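For reference, the structure is listed below as structure tokens.
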Amino acid sequence: MPLACSPLPPALRSLPCPAVRLSTSPQLMMAARSRSTSAWRRAKPHLAPPLLSYDGGAPQSAPLASWTPRLSAPHDLPPRMRGKHVKLCIALLVKGAPLDVVRDYCRYHLYVGFSQLFLFFDDPAADREAYVAVDGIPGVACFLCDRKFWRQCVEESEMVRRREQNRVFEDTAACVETEHKCRQNLCVELAIRRARAMGLDWLLHIDIDEVFLPQAEHPQDFFANLPAEVVQVQLANHEVVPECLSVTNWMRDASLFKVNRCFADAEGLRRLWQSVRLAREQALPGAGAATYFNAYEGFKSAVRLESTPLPYDVHKFLVLAPFDRYVAPSAKMTRAPTSAASDPVILHWANCGLHNWRRKYLNLGNFPNLWWGRVPIKLPVHLISRDLVHGAGAEEAEHFYRKVIMADTPAERACLSQAGLLVRVDFPRNCLLACDSEEFDRQKFTE
């Protein structure tokens, strides 16, 4: 039975179904005028939440998105077909991740078909235990990133050598000590050199809170079947919706995800999220600033290694072109994110667990509002999280986490679920349960 609601405010009465209905009052509407971080921190979390419901009635009753995971149990992973054997690898920079997460991250990706992982640990003191735990696993190469390591990376970097050719290369050379993204670029560049020397074919750059999720094909077959001219594949991401405050190992503890907008009706989602933002703002001034995804929304990329690539940023690559210049791959050379349900995706456990969220922003520090001192950061939740973790009380920070990161309003979750925008993905957790068996350990890690 739908929730009882008061009439829509005038600004929303023209919205087509599906829509979110909102209770209103003059006081709440006045509070909705300010969406800045300072307004959030001034707000008092005593306002009753508005009532919301997903109206699936005529004339538009179909969900906004219909993406579903193809795999659930480990045996659902499609077998690798006969043909060209493609070797896949992953590169990532790790800082402060729980030991169990690092171990499971390696086990999962080896399980689904990746040949090699390159893990770079950004804090040699804090990350040493995790480094020791996974360094001996066949197929995992680990690096402790101390000052000597970074100095050597800069000295050997092709990006640094070509810093005058590209602004991102210049940023990488100039900001390695202050910008996490610049250190990521240097690590990926080193992994590319190592992977090419090992004869690997494709490299995927994702983070410790992201995994590759196969769909219709075995990962090796997906990459093997790409046209020869494709040198970069962009994989859409889904973002976790934490269901509890305490999360120890997000790969096992969290399985509810918000569907990427590329799988949804664009106009319907825009209107629906506009309504959700207004409802949040009415409930608590400042919460309406949140975008549909709290973190980045778009894609992560894998690159064909024979193209002699270099990282452009954490989402895409450049390839070597005629006249010894690095350029972005053309549209013909890039497989962009598609709405095809058969394509693999990235699962992103962004800010999963209150403790993990706090630790992340403590590690990032009180960073400025610009990346590289010049590019505005356009992620409102990222900036608000920084300010709350570094300047607010624990109760205020937790309230924000519940209302925005967790979408901790039953009506809001029900609204998103009925619109087809929330999905349950159990495959990674179930694979890890299979990895827990001694038979799997001996087969995968001692051959």
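All values reported here derive from a predicted model rather than from experimental measurement.
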Problem set entry | Parallel, tilted or perpendicular: rings of Phe149 and Phe120 (30°, 60°) | tilted
Exercise. So how far is it from Glu297 CD to Asn294 CG, rounded to the nearest 0.5 Å?
Worked result: 10.5 Å
Exercise. So, are Arg270 and Glu267 salt-bridged, with charged N and O less than 4.0 Å apart?
Worked result: yes
For this session: Apply side-chain contact (heavy atoms from CB on, under 4.5 Å) to Leu213 and Val425, showing your working.
Result: CA-CA 9 Å; Leu213 180 70; Val425 185; 3.9 Å; yes
Problem set entry | Residues that Glu179 engages under salt bridge (charged side-chain N to carboxylate O under 4.0 Å, His left out), provided they are two or more places apart | none
Exercise. What are the two closest non-hydrogen atoms of Phe427 and Ala73, and how far apart are they?
Worked result: CE1-O, 3.5 Å
Exercise. Is it true that atom CD of Gln165 has more than 12 heavy atoms of other residues, nucleotides or ligands lying nearer than 6.0 Å?
Worked result: yes
For this session: Determine yes or no for a side-chain-to-main-chain donor-acceptor pair under 3.5 angstrom, with Thr291 supplying the side chain and Phe293 the backbone.
Result: yes
Exercise. Got a sec: does the CZ of Phe223 have more than 12 other heavy atoms crowding it under 6.0 Å?
Worked result: yes
Problem set entry | Heavy-atom side-chain contact between Met159 and Asn185 under 4.5 Å | yes
Problem set entry | Any donor-acceptor N/O pair, Arg80 side chain to His85 backbone, under 3.5 Å | no
Exercise. Do you know which two heavy atoms are closest between Met333 and Pro329, and how far apart they sit?
Worked result: CB-CB, 3.9 Å
For this session: Could you tell me whether Arg280 and Glu412 make a salt bridge, using a distance below 4.0 angstrom between a side-chain N and a carboxylate O?
Result: yes
For this session: Inspect the surroundings of CZ in Arg70 and state if more than 12 heavy atoms from other residues, nucleotides or ligands are less than 6.0 Å away.
Result: yes
Problem set entry | Audit row: Phe222, Val86, side-chain contact (heavy atoms from CB on, under 4.5 Å) steps and yes/no | CA-CA 9 Å; Phe222 171 79; Val86 174; over 6 Å; no
Exercise. Considering only heavy atoms from C-beta outward, does the side chain of Arg162 approach that of Asp324 to under 4.5 Å?
Worked result: yes
Problem set entry | Pairwise distance CG(Leu110) to SG(Cys431) - rounded to 0.5 angstrom | 12.0 Å
Problem set entry | Asp127 side chain vs Gly96 backbone, donor-acceptor pair below 3.5 Å | yes
Problem set entry | Heavy-atom check, side chain of Ile206 versus side chain of Leu92, under 4.5 Å | no
Exercise. Which value, rounded to the nearest 0.5 Å, describes the distance between His355 atom NE2 and Leu245 atom CG?
Worked result: 13.0 Å
For this session: Indicate yes or no: does Arg374 engage Asp171 in a salt bridge with an N to O separation below 4.0 Å.
Result: yes
Problem set entry | Heavy-atom side-chain contact between Ile137 and Leu117 under 4.5 Å | no
For this session: Cation-pi check, Lys258 to Tyr292: give yes when NZ or CZ is under 6.0 Å from the six-membered ring centre and within 45° of the ring axis, no otherwise.
Result: yes
Problem set entry | Aromatic plane relationship, His382 with Tyr361 - under 30° parallel, 30 to 60° tilted, over 60° perpendicular | tilted
Exercise. Run the salt bridge (Lys or Arg N to Asp or Glu O under 4.0 Å) check on Asp209 and Lys360 step by step: do they pass?
Worked result: CA-CA 11 Å; Asp209 59 357; Lys360 170 184 173 179; 5.3 Å; no
For this session: State plainly whether the residues Glu243 and Arg424 are in salt-bridge range, i.e. N to O under 4.0 Å.
Result: yes
Exercise. So which heavy atom on Val423 is nearest to which on Trp67, and how close?
Worked result: CG1-O, 3.4 Å
For this session: Could you walk me through whether Phe400 and Ile384 pass the side-chain contact (heavy atoms from CB on, under 4.5 Å) test, one step at a time?
Result: CA-CA 9 Å; Phe400 170 84; Ile384 295 172; 3.5 Å; yes
For this session: Determine whether Tyr111 and Pro74 make a side-chain contact, defined as any pair of heavy atoms from C-beta on separated by less than 4.5 Å.
Result: yes
Exercise. Is there a donor-acceptor pair under 3.5 Å between the side chain of Glu189 and the backbone N or O of Leu310?
Worked result: no
Exercise. Does the pair Arg386 and Asn369 meet the rule for a side chain to side chain donor-acceptor pair (under 3.5 Å), with working shown?
Worked result: CA-CA 10 Å; Arg386 171 203 62 191; Asn369 292 347; 2.6 Å; yes
Exercise. Considering all heavy atoms of both residues, which atom of Ala321 and which atom of Val327 are nearest to each other, and what is their separation?
Worked result: CB-CG2, 3.6 Å
For this session: Please determine if Asp100 and Arg252 form a salt bridge, counting it only when a charged side-chain N lies under 4.0 Å from a carboxylate O.
Result: no
Problem set entry | Flag side-chain contact, heavy atom, 4.5 Å: Leu421 against Trp273 | no
Exercise. Is a side-chain N or O of Trp371 found less than 3.5 angstrom from the main chain of Ile377, in a donor-acceptor match?
Worked result: no
For this session: Indicate yes or no for a side-chain donor-acceptor contact from Arg107 to the backbone of Cys435 under 3.5 Å, with no hydrogens or angles considered.
Result: yes
Exercise. Side chain of Asp135, backbone of Tyr131: donor and acceptor closer than 3.5 Å?
Worked result: no
Exercise. Any salt bridge between Glu398 and Arg402, counting N to O under 4.0 Å?
Worked result: yes
Exercise. Got a second to check how far Cys106's SG is from Ile208's CD1, nearest 0.5 Å?
Worked result: 7.0 Å
Exercise. Would you find more than 12 non-hydrogen atoms of other residues, nucleotides or ligands less than 6.0 Å from Lys87 atom NZ?
Worked result: no
Seminar exercise, completed: On a heavy-atom basis, the closest approach of Pro214 and Tyr108 is CD-OH, 3.7 Å
Problem set entry | Criterion side-chain contact (heavy atoms from CB on, under 4.5 Å) on Arg429 and Ser255, from CA distance to verdict | CA-CA 8 Å; Arg429 175 169 55 196; Ser255 60; 3.4 Å; yes
Exercise. Looking at side-chain heavy atoms only, is the closest gap between Val188 and Phe317 below 4.5 Å?
Worked result: yes
Exercise. Phe212: what forms a ring pair (Phe, Tyr, Trp, His ring centres under 6.0 Å) with it, not counting sequence neighbours?
Worked result: Phe114
For this session: Determine, stepwise, if the pair Asn237 / Glu210 fulfils side chain to side chain donor-acceptor pair (under 3.5 Å).
Result: CA-CA 9 Å; Asn237 67 309; Glu210 298 173 307; 5.7 Å; no
Seminar exercise, completed: Rounding to 0.5 Å, atoms NE2 (His109) and CD1 (Ile90) come to a distance of 4.0 Å
For this session: Please assess Arg161 against Glu158 for the test salt bridge (Lys or Arg N to Asp or Glu O under 4.0 Å), listing each intermediate value before the final yes or no.
Result: CA-CA 5 Å; Arg161 190 178 74 82; Glu158 186 70 12; 2.5 Å; yes
Exercise. Glu239 side chain to Ala295 main-chain N or O, any donor-acceptor pair under 3.5 Å?
Worked result: yes
For this session: For the pair Trp250 (side chain) and Trp349 (backbone), establish whether a donor and an acceptor sit closer than 3.5 Å, ignoring hydrogens and angles.
Result: no
Problem set entry | Derivation and outcome, ring-ring contact (aromatic ring centres under 6.0 Å, His included), residues Tyr296 and His348 | CA-CA 10 Å; Tyr296 80 90; His348 188 195; 5.1 Å; yes
Exercise. Below 4.5 Å, heavy atoms only, C-beta onward: do Leu144 and Cys142 meet side chain to side chain?
Worked result: no
Exercise. Do His205 side-chain atoms and Ser301 backbone N/O form a donor-acceptor pair below 3.5 Å?
Worked result: no
Exercise. Pro344 and Leu235: which non-hydrogen atoms are nearest, and at how many Å?
Worked result: O-CD2, 3.7 Å
Problem set entry | Distance in Å, Lys300 NZ paired with Asp207 CG, rounded so as to fall on 0.5 Å steps | 4.0 Å
